[in-house]
Amino acid sequence: MIKIKTERELALMRESGRLTKNVLDLIGREIKAGMTTKDLDRIAYDYIKSCGATPSFLGYCGYPASICASIDETVVHGIPSDDVVIKNGQIVSIDVGVIYNGWQGDAARTFMVGDVSDEKKKLVKVTEECFFKAIEDLCDGSPIGNIGYAVQSHAESNGFSVVRALTGHGIGREMHEDPSVPNYGRRGTGIRLKKGMVIAIEPMINAGVYGVDFLSDGWSVVTKDRRPSAHYENTIAITDDGVEILTL
């Protein structure tokens, strides 16, 4: 069931969204070669707790950390570890969720560490662009298929592919609510967005094929051809005449 948020509820979600953004900004300032992905997880956990908030991911379906830290060919859900050292030239996708006053925020960014290849630079840039293409003409009454169409069109026109096995989602008091928000599809199809809906739009774009493998750790998702992938996500609210980005 799709849950429409009231103005009061949206005000509360702005606060969880602001804290979510702050975590990613902090990681963006701190991330460097030589750190471990667990170092980044500790930074996120400490900041979230210092704000009187709760890491959404920690303990979610048994997930053991506060962030997902996915390097190069890992699309999403990479588990932070003291054994995983970040290297020059890698791209690191950080996904984080924050619960504040009972409401969720969810966002992701892909960071470039040191001297990255031209392909990776383009991939990160295009993935972010895919998000903004997706929200360009969204408003009350837009078909949800317009989101996937915009993401897919922009990614494929730049020579990349769109992950199909994973989607964006509704969000509110729960991390994952209805509806699912695919990053591919046809314009004019699907349910109509309504004012007060809050969704997480999260392009996951691969340099190579769109297929993925789910690893035996139960979480990590990697590209089937082991080429790089990038991730960019924001939580947005649908308004009368557009969208409000709650995590930017």
Side-chain angles (χ1 to χ4, degrees), residues 1-24 48 51-63 66-68 76-77 95-109 130-151 163-204 231-248:
M1 183 179 72
I2 296 172
K3 300 173 182 176
I4 303 299
K5 277 65 177 182
T6 66
E7 288 299 324
R8 178 181 173 277
E9 290 169 340
L10 286 174
L12 292 168
M13 291 198 74
R14 287 185 189 101
E15 289 302 302
S16 56
R18 178 180 62 83
L19 295 178
T20 304
K21 171 194 178 295
N22 288 349
V23 175
L24 291 170
I48 293 168
C51 296
T54 302
S56 301
F57 297 175
L58 185 60
Y60 181 80
C61 297
Y63 188 75
S66 300
I67 63 171
C68 300
V76 288
H77 304 162
D95 193 356
V96 64
V98 174
I99 306 170
Y100 188 66
N101 288 331
W103 293 89
Q104 303 266 357
D106 187 14
R109 304 285 186 268
C130 282
F131 169 83
F132 288 99
K133 291 286 186 182
I135 66 170
E136 267 182 7
D137 61 355
L138 286 188
C139 62
D140 184 40
S142 295
I144 200 168
N146 290 9
I147 295 171
Y149 175 82
V151 171
V163 173
R164 287 158 167 73
L166 302 152
T167 71
H169 51 89
I171 183 171
R173 285 194 175 277
E174 302 297 327
M175 171 58 62
H176 296 103
E177 297 181 353
D178 290 332
S180 294
V181 186
N183 292 306
Y184 62 96
R186 292 185 294 121
R187 180 178 289 279
T189 62
I191 64 163
R192 298 273 172 173
L193 301 174
K194 293 183 179 180
K195 179 184 176 182
M197 285 178 62
V198 180
I199 57 177
I201 298 176
E202 49 179 316
M204 291 160 271
H231 185 198
Y232 187 92
E233 175 186 20
N234 281 306
T235 299
I236 70 160
I238 304 300
T239 65
D240 283 322
D241 56 359
V243 303
E244 177 184 354
I245 304 175
L246 305 181
T247 49
L248 190 65

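In this chain, numbering begins with 1 at the start of the sequence shown. The structure displayed is predicted, hence computed values, not measured ones.
- Distance alone, capped at 3.5 Å, is enough to place a donor-acceptor pair between the Asn183 side chain and the Glu202 backbone.
- Atoms CD1 and CG, from Ile48 and Leu58 in turn, are 9.0 Å apart once rounded to the nearest 0.5 Å.
- Between Ile245 atom CD1 and Ile201 atom CD1 the span is 8.5 Å, to the nearest 0.5 Å.
- The closest side-chain heavy-atom distance from Glu15 to Trp103 is not below 4.5 Å.
- Separation of atoms CG (Leu19) and CG (Asn101) is listed at 9.5 Å; rounding is to 0.5 Å.
- Contact detail for Thr6 and Glu9: the closest heavy-atom pair is N-OE1, 2.9 Å.
- Closest heavy-atom contact between Val96 and Ile67: CG2-CG2, 3.9 Å.
- In this structure the side chain of His176 never reaches within 4.5 angstrom of the side chain of Ile171, judged on heavy atoms.
- The pair Arg14-Glu244 meets the salt-bridge criterion, with a side-chain N (NZ, NE, NH1 or NH2) lying under 4.0 Å from an Asp/Glu carboxylate O.
- Here Tyr232 contributes atom OH and Leu24 contributes atom CG; the two are 9.0 Å apart, rounded to the nearest 0.5 Å.
- Between Thr167 and Met204, the shortest heavy-atom distance links the atoms N-CE, 4.1 Å.
- With rounding to the nearest 0.5 Å, the separation of OH in Tyr100 from CE in Met13 is 14.5 Å.
- Across every non-hydrogen atom of Pro182 and Ile147, the tightest pair is O-CG2, 4.3 Å.
- Contact between Asp95 and Ala107 at its shortest, heavy atoms only, is OD1-O, 3.0 Å.
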Exercise answer: donor-acceptor pairs, residues 134-141 side-chain atoms, under 3.5 Å, sequence neighbours excluded:
unit_1, atom_1, unit_2, atom_2, d
Asp137, OD2, Arg187, NH1, 3.4
Asp140, OD1, Lys195, N, 2.9

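- Judged purely by distance below 3.5 Å, without hydrogens or angles, the side chains of His169 and Glu177 never pair a donor atom with an acceptor atom.
- Side-chain contact between Leu166 and Val76 is present, with heavy atoms from C-beta onward closer than 4.5 Å.
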Requested in this report: Determine, step by step, whether Lys133 and Val151 satisfy the side-chain contact (heavy atoms from CB on, under 4.5 Å) criterion, reporting the C-alpha distance in whole Å, the side-chain angles of both residues, the deciding distance to 0.1 Å, and the verdict.
Outcome: CA-CA 7 Å; Lys133 291 286 186 182; Val151 171; over 6 Å; no

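- Contact of the Val243 side chain with the Ile238 side chain is registered, since non-hydrogen atoms from C-beta on lie closer than 4.5 Å.
- Between Tyr63 and Phe57, the ring-plane angle classifies as perpendicular under the 30° and 60° cut-offs.
- Of the N and O atoms on the side chains of Thr235 and Asp106, not one donor lies less than 3.5 Å from an acceptor on the other residue.
- For Arg164, the side chain to side chain contact (heavy atoms under 4.5 Å, CB included) partners are Gln152, Glu156, Val162, Tyr184, Tyr210, not counting sequence neighbours.
- Contact check for Asp241 versus Thr239: side-chain heavy atoms found under the 4.5 Å cut-off.
- Atom-to-atom distance recorded for Ile144:CD1 and Leu193:CG is 5.5 Å, nearest 0.5 angstrom.
- Taking the centre of each ring, His231 and Phe131 stay at or above the 6.0 Å mark.
- Side chains of Gln104 and Ser56: a donor-acceptor N/O pair is present below 3.5 angstrom, by distance only.
- Heavy atoms from other residues, nucleotides or ligands lying under 6.0 Å from NZ of Lys5 number more than 12.
- Contact record, Met175 with Gly97: CE-CA, 4.1 Å, taken as the closest heavy-atom pair.
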